[in-house]
Amino acid sequence: MEPLSVVSIARSVTALAGLFVATLAYRGYRRNSSAKMRALAIGIGLLTTGVYVAVMVADMTGAGNGLVLLVRGLVTVIGLCVVLYAILIA
């Protein structure tokens with residue numbers, strides 16, 4: 001198995017697991033109308049599936065490694081800020 005395919009599989013599994021957890025948090029938001037759960041669902045979705053999508057789009061557009069890392073870092077920071085918002089403020 002090639003290293004690139006192992007990386008792709010690992011990214012995909014991470015994105016799917018994160019999407020599952022974000023879906024559970026969103027269901028909790030819908031059940032209880034809790035703003036914290038909504039923010040947590042968005043944050044987890046950004047941290048996992050959002051990073052996966054952003055990296056895939058950046059790779060498809062032929063962006064260099066530096067730009068891919070920048071996009072990944074920005075989406076991660078935004079996701080962490082949303083999770084922090086869910087914990088502290090919402």
Using residues 56-73 as the side-chain source, report each donor-acceptor pair under 3.5 Å to any protein atom, sequence neighbours left out, with the distance given to one decimal.
residue, atom, partner, partner atom, Å
Thr61, OG1, Val57, O, 3.3
Thr61, OG1, Ala58, O, 2.9

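Inter-residue side-chain proximity for Arg11 and Val55 is flagged as met; some heavy-atom pair is nearer than 4.5 Å. Inter-residue side-chain proximity for Val51 and Leu46 is flagged as unmet; no heavy-atom pair is nearer than 4.5 Å.
One distance of note links CE of Met37 with CZ of Arg30; it measures 13.5 Å at 0.5 Å rounding. Here the OG-CG distance, from Ser12 to Leu19, works out to 12.0 Å after rounding to the nearest 0.5 Å. Ile42 CD1 to Tyr85 OH: the interatomic distance, rounded to the nearest 0.5 Å, is 9.5 Å. Rounding to the nearest 0.5 Å places CD1 of Ile89 at 7.0 Å from CG of Leu84.
Here the closest non-hydrogen pair linking Val75 and Ala54 is CG2-CB, 3.8 Å. Of all heavy-atom pairs between Ala39 and Ala86, the closest is CB-CB, 3.6 Å.
Residues satisfying the side chain to side chain contact (heavy atoms under 4.5 Å, CB included) test with Ser8, not counting sequence neighbours, are none. Listed by chain and residue number, nothing satisfies the ring-ring contact (aromatic ring centres under 6.0 Å, His included) test with Tyr52 (two or more places apart in sequence, or in another chain).
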Going through the distances and angles, do Leu47 and Leu80 end up as a side chain to side chain contact (heavy atoms under 4.5 Å, CB included)? CA-CA 7 Å; Leu47 283 171; Leu80 286 172; 3.8 Å; yes
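Taking hydrophobic clusters as Ile, Leu, Val, Met, Phe, Trp and Tyr residues chained together by side-chain heavy-atom distances below 4.5 Å, Ile87 shares a cluster with Val21. Cluster membership check: Phe20 does not share its hydrophobic cluster with Val13, using side-chain heavy-atom separations under 4.5 Å among Ile, Leu, Val, Met, Phe, Trp and Tyr.
Using modelled atom types, one side-chain atom of Thr49 and one backbone atom of Ala15 make a donor-acceptor pair closer than 3.5 Å.
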